[in-house]
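Right, one structure below, let's go through it.
Quick caveat: nothing in here was measured; it's all calculated off a predicted structure. Below, all heavy atoms of this structure are taken into account, side chains as well, without hydrogens, waters or symmetry copies. The chain is numbered in sequence order, starting from 1.
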Amino acid sequence: MAAQRIEYIDAMRGLTMILVVFAHVCHFCFGDSRMGYNAVFILFRLPCFFMISGWLFESVAQRSFKEVTRHKAMVQLVPTFIFLFLLAPPPEFFHQLGSLKGGYWFTFALFEYFVLYMLMIRISRKWTPLMAVSLAIATFIYARYYNSLRMVADGYQLWLMDASGFLSITTWRLFLFFYLGTCVRRHFEAFIRWTDKPVVIILVTVIFALVASTSHHDHLIFEMFRFYVGGITGMVIVFTFFRLSASWLKRCHISRPLQYIGTRTLDVYLLHYFFLPRFLMANADTLKAYENQLVEFVVIFAVSIGVLALSLIASYVIRLSPVLGHYLFGVKYTKQS
């Protein structure tokens with residue numbers, strides 16, 4: 001059972017990584033993040049990723065704080081800054097250290113989630129749910145008004161906002177999904193019992209469909225509701241689908257490729273920016289002229305698979321060197337005596 005769980009978790013990670021590449025092809029290659037059904041994928045893509053990260057991290061969260069943070073810094077932070085430096089050398093490098101880190105914010109934020117969660121459970125396991133929800137709400141509101149506040153800030157206020165940008169505090173609104181992943185891991189049997197009930201999955205699916213059918217709105221409460229309800233219901237659907245469909249995916253020869261991608265998510269995330277065909281921006285209007293989401297999806301998905309394949313090939317070549325694999329992807333490396 002444990003081996004099967006790892007398999008479908010890796011397959012789920014593989015899917016979410018494909019969707020990350022898909023989103024970046026939409027944005028960087030066609031200039032529109034809502035093309036090809038990506039407006040729906042946005043609702044659950046990152047919630048799934050962070051939920052899986054929390055699910056996996058729960059098993060090591062009680063270990064030595066110093067040991068875990070040192071290891072995670074080597075795996076998450078060192079490669080992030082190396083690749084950001086390679087993608088945008090100085091002086092551009094220093095201009096990319098805001099909240100989105102030139103696109104490399106995910107690994108930076110994930111390291112902070114590890115630290116935040118370990119601090120919370122050490123302060124009080126009982127009050128961790130309240131702390132997680134409060135942090136999510138506060139940072140969602142802060143992220144909502146960050147740009148407008150920064151425009152009127154000056155002096156030390158601007159310095160503080162730049163510091164919060166470097167710390168990627170605006171991305172902490174996603175911490176709630178990471179925390180929910182740790183909850184699922186701790187109460188996994190109960191989670192299975194509930195998600196095995198057809199009525200529960202039907203209800204969750206209906207709620208997600210209703211949320212997905214709504215469009216972006218300027219109202220703060222509406223957007224917060226859409227963000228968290230869409231994310232939670234979406235990740236429950238995806239997680240349950242992979243759990244219940246593990247055998248079927250294996251028979252269809254879909255599971256193994258997804259699992260492989262799932263074991264190389266860090267590699268693909270760090271490498272894929274170098275392979276995005278940004279020259280396709282010149283053809284964006286032609287693709288949009290079809291006014292057909294399915295056509296957009298097929299084209300963008302095909303480009304995404306190409307970017308993914310190049311990233312995996314580059315990952316394989318880099319990992320042939322134990323030293324490069326260690327410093328670029330956090331692969332364990334033991335010096336030969």
Side-chain angles (χ1 to χ4, degrees), residues 11-49 100 103 106 174 177 201-219 222-223 225-242 245 248-249 252-255 257-258 261-262 265 268-269 271-313:
M12 183 177 168
R13 291 174 72 187
L15 173 68
T16 52
M17 190 67 248
I18 292 172
L19 293 179
V20 167
V21 176
F22 186 96
H24 290 165
V25 170
C26 289
H27 180 74
F28 292 106
C29 303
F30 293 103
D32 188 344
S33 295
R34 306 186 75 79
M35 294 175 67
Y37 306 115
N38 194 49
V40 176
F41 301 151
I42 284 173
L43 290 173
F44 65 84
R45 181 183 63 248
L46 289 176
C48 284
F49 230 131
L100 297 182
F106 177 86
L174 289 153
F177 302 115
I201 292 302
I202 291 172
L203 179 62
V204 169
T205 303
V206 169
I207 294 173
F208 177 80
L210 290 173
V211 171
S213 66
T214 63
S215 57
H216 180 77
H217 198 280
D218 287 335
H219 194 277
F222 175 84
E223 279 304 305
F225 175 86
R226 186 174 187 272
F227 182 78
Y228 288 116
V229 174
I232 292 170
T233 54
M235 71 185 193
V236 169
I237 292 168
V238 175
F239 193 94
T240 303
F241 169 80
F242 275 91
S245 304
W248 176 79
L249 291 172
C252 294
H253 306 290
I254 297 173
S255 183
L258 287 177
I261 297 168
T265 52
V268 173
Y269 174 72
L271 286 165
H272 81 280
Y273 287 105
F274 295 88
F275 300 109
L276 290 172
R278 299 168 194 259
F279 61 84
L280 290 177
M281 190 69 76
N283 305 106
D285 290 338
T286 303
L287 181 59
K288 292 178 186 178
Y290 285 95
E291 296 184 351
N292 188 311
Q293 290 272 309
L294 180 58
V295 171
E296 293 173 358
F297 172 81
V298 171
V299 172
I300 295 168
F301 184 76
V303 175
S304 302
I305 293 300
V307 172
L308 183 69
L310 291 172
S311 302
L312 289 172
I313 292 170

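With values rounded to the nearest 0.5 angstrom, L258 atom CG is found 7.0 Å from L249 atom CG. With values rounded to the nearest 0.5 angstrom, M281 atom CE is found 9.5 Å from D32 atom CG. How far CZ of F301 is from CG of L19: 9.0 Å, rounded to the nearest 0.5 Å. The distance from atom SG of C48 to atom CG of L43, rounded to the nearest 0.5 Å, is 10.5 Å.
Legend: residues meeting ring pair (Phe, Tyr, Trp, His ring centres under 6.0 Å) with Y37, ordered by chain and number and at least two apart, are absent. Shown here are the side-chain contact (heavy atoms from CB on, under 4.5 Å) partners of P277, two or more places apart in sequence or in another chain: C29, F279, L280, V303, V307. The ring pair (Phe, Tyr, Trp, His ring centres under 6.0 Å) search around F49 returns F106, not counting sequence neighbours. In this structure, the side-chain contact (heavy atoms from CB on, under 4.5 Å) partners of H219, at least two apart in sequence or on a different chain, are H217, I221, F222. Looking at residues two or more places apart in sequence or on another chain, you find no ring pair (Phe, Tyr, Trp, His ring centres under 6.0 Å) involving F275.
Between Y269 and H272, the angle of the ring planes lies from 30° to 60°, which puts this pair in the tilted group.
Within the 4.5 Å cutoff, the side chain of F41 has heavy atoms near those of the F297 side chain. Side-chain contact between R13 and I261: absent, with no pair of heavy atoms (C-beta onward) separated by less than 4.5 Å. Residues M35 and L287 have side chains in contact (heavy-atom distance under 4.5 Å, counting atoms from C-beta outward).
No side-chain donor-acceptor contact under 3.5 Å links T240 to the backbone of I237.
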Could you go through M235 and F44, starting from their C-alpha distance and side-chain angles, then the distance that decides it, and tell me whether this counts as side-chain contact (heavy atoms from CB on, under 4.5 Å)? CA-CA 6 Å; M235 71 185 193; F44 65 84; 5.5 Å; no
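Residue S33 comes nearest to C26 through the heavy atom pair CA-CB, 4.1 Å, listed as atom of the first residue, atom of the second, then distance.
Sorted by first and then second residue, the side-chain hydrogen bond (donor to acceptor under 3.5 Å, both in side chains) pairs with a member in residues 279-293 read Q293-E296; sequence neighbours excluded.
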